[in-house]
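One structure is given here, and the rest of the page talks about it.
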2 protein chains.
Amino acid sequence: MMLRLSTKGQYGVRAMYEIAKGYPETPVTIKEISEKQEVSVAYLEQILNKLRKANLIKSIKGPGGGYLLNKSPDQVSIAAILNELEGPVAITSCLNPEEGCVRVDSCVTHLLWKALGEKVEAFLSTITLKTLISGDLYKIKEIS
Amino acid sequence: MMLRLSTKGQYGVRAMYEIAKGYPETPVTIKEISEKQEVSVAYLEQILNKLRKANLIKSIKGPGGGYLLNKSPDQVSIAAILNELEGPVAITSCLNPEEGCVRVDSCVTHLLWKALGEKVEAFLSTITLKTLISGDLYKIKEIS
DNA sequence: TAAAACCCTACCAAATTTGTCAAGTATTAG
DNA sequence: CTAATACTTGACAAATTTGGTAGGGTTTTA
């Protein structure tokens, strides 16, 4: 199966969707997210931890606490979420900024994978949590 | 790293590029591909076997033999090659035709991943082996 | 007839994914 | 002030996928 997204990325977006629904004031607990999205609490903890460190969400401890979005839903793109959870889009490992490519010049396909990655990134940048909440996904074909 | 392509897919495209350069008459041996693209003969055998069974290439045995493209380079898209080696583009496993989705209706992100997959597929369908051979990759931004 | 070249099936090691588990720390309602 | 709520952290492990290797074929033709 070509170009799969890991569950971490998938669950992360769905978790952010639940948190976004509480914006701007109602904290959403991990337990609620777990029940609505059918993902284990322990696994969600790992995911939300990363997103919190990236300042996409903040957490409130104690009774009545939970997670809150740091920005409004229309300012949080899917690309931003996935970037934190899975790193940058990089179709091949030689396009990973951390690794680099040893045969850029001789590689006939380098430009191709680069272009594909950029296309994906651009697309995911146009979709935000607000798009998901408002149910405007069916408009996607027009958007792009 | 988000949305990585496996080496099978990457090597497959590069192998097809070498074979395409021999079109229409000059068979290209595995050994030649192996040397030019720096991929082991044994691994290439697996990859080319799949592509042959998919009728993208044909093989000629015996001395002087090798692999030949079945269609002209401008009729072989990157999408077609990757489809054989990696299966269909399916960002999530529930979009894999073989598995299916149990929560399509309730899943807020289903449409999103579907749209992304379609975008990728459409893009890769516009690029062919001829695009690679002719060095027109720098034109990609205009194409799409 | 032997060398060239493809064909096929197992098998395996390493990396990644997909989580679980256990033991914290911080906050606040009452 | 204390108990319940809720987040925080790090270690670890099973399962899957990736990225191959090995070794034996078979077919063709110079």
Side-chain angles (χ1 to χ4, degrees), chain A residues 1-12 14-15 18-19 22 26-35 37-54 56-68 82 85-87 90-94 96 98-99, chain B residues 1-12 14-15 18-19 22 26-35 37-54 56-68 82 85-87 90-94 96 98-99:
Chain A
M1 190 172 58
M2 201 193 324
L3 292 179
R4 217 176 90 268
L5 196 66
S6 79
T7 56
K8 237 170 188 133
Q10 294 176 45
Y11 297 168
R14 278 156 58 189
E18 293 297 336
I19 296 171
T26 314
V28 181
T29 69
I30 283 193
K31 205 183 165 205
E32 286 173 312
I33 301 172
S34 168
E35 286 166 358
Q37 294 295 334
E38 296 174 87
V39 177
S40 83
V41 167
Y43 200 24
L44 279 172
E45 279 172 345
Q46 273 183 54
I47 294 168
L48 295 182
N49 206 340
K50 277 195 173 184
L51 296 174
R52 185 181 50 81
K53 283 177 180 164
L56 290 177
I57 52 178
K58 62 187 163 195
S59 60
I60 298 171
K61 294 186 174 183
Y67 288 94
L68 276 177
L82 294 183
L85 295 175
E86 313 220 359
I91 306 297
T92 60
S93 56
C94 76
N96 187 335
E98 289 177 23
E99 302 188 35
Chain B
M1 194 173 52
M2 201 192 324
L3 293 179
R4 221 176 84 265
L5 196 65
S6 79
T7 55
K8 238 171 188 133
Q10 296 176 46
Y11 296 168
R14 280 155 58 189
E18 292 297 336
I19 296 171
T26 316
V28 181
T29 69
I30 282 193
K31 204 180 167 208
E32 286 172 313
I33 301 171
S34 167
E35 285 166 359
Q37 294 295 334
E38 297 174 88
V39 177
S40 82
V41 167
Y43 200 25
L44 278 173
E45 280 176 343
Q46 279 180 50
I47 293 167
L48 296 182
N49 207 337
K50 277 194 174 188
L51 296 174
R52 186 181 48 80
K53 283 177 181 166
L56 290 176
I57 52 177
K58 62 187 163 196
S59 60
I60 297 170
K61 295 185 174 185
Y67 288 93
L68 276 178
L82 294 183
L85 294 175
E86 312 221 359
I91 308 296
T92 61
S93 56
C94 78
N96 186 334
E98 290 179 21
E99 302 188 34

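What you are looking at is a predicted structure, and each value in this text was computed from that prediction instead of being measured. Quick note: numbers below take in every heavy atom, side chains included, and nothing from hydrogens, waters or symmetry partners. Chain naming here is simple, since letters A, B, ... match the order of the sequence lines and numbering starts at 1 in each.
Rounded to whole Å, the distance from CE on A:M2 to P on D:dT17 is 16 Å. Distance, A:L3 CG to D:dT17 P: 16 Å, rounded to whole Å. For the pair B:I47 CD1 and D:dT21 P, the computed distance is 11 Å after rounding to whole Å. Regarding A:E86, its CD atom lies at a distance of 12 Å from the C1' atom of C:dT16, rounded to whole Å. At whole-Å resolution of the value, NZ in B:K58 and C1' in C:dC7 are 18 Å apart. Rounded to whole Å, the distance from CZ on B:R4 to C1' on D:dT18 is 8 Å. Rounded to a whole Å, the CZ atom of B:R14 is 14 Å from the C1' atom of D:dG19. Protein atom OH of A:Y43 is 11 Å distant from nucleotide atom C1' of C:dT16, rounded to whole Å.
Using a 4.5 Å heavy-atom cutoff, the side chains of B:I33 and B:L48 are in contact. Between A:N49 and A:E45, the closest side-chain pair of non-hydrogen atoms is not below 4.5 Å. The closest side-chain heavy-atom distance from A:Y67 to A:L51 is not below 4.5 Å.
Remark: side-chain polar atoms of A:S59 are not paired, donor with acceptor, to backbone N or O of A:G66 under 3.5 angstrom. Although no hydrogens or angles enter the test, the distance criterion places a donor-acceptor pair under 3.5 Å between the side chain of B:Q10 and the main chain of B:L5.
Considering only side-chain N and O atoms, B:S6 lies nowhere under 4.0 angstrom from the phosphate OP1 or OP2 of D:dT18.
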Could you write nucleotides 2-10 of chain D as a row of B, S and -, 5' to 3', where a protein heavy atom under 4.0 Å of any base atom gives B, of only sugar-phosphate atoms gives S, and otherwise -?
-> ---BSSBB-

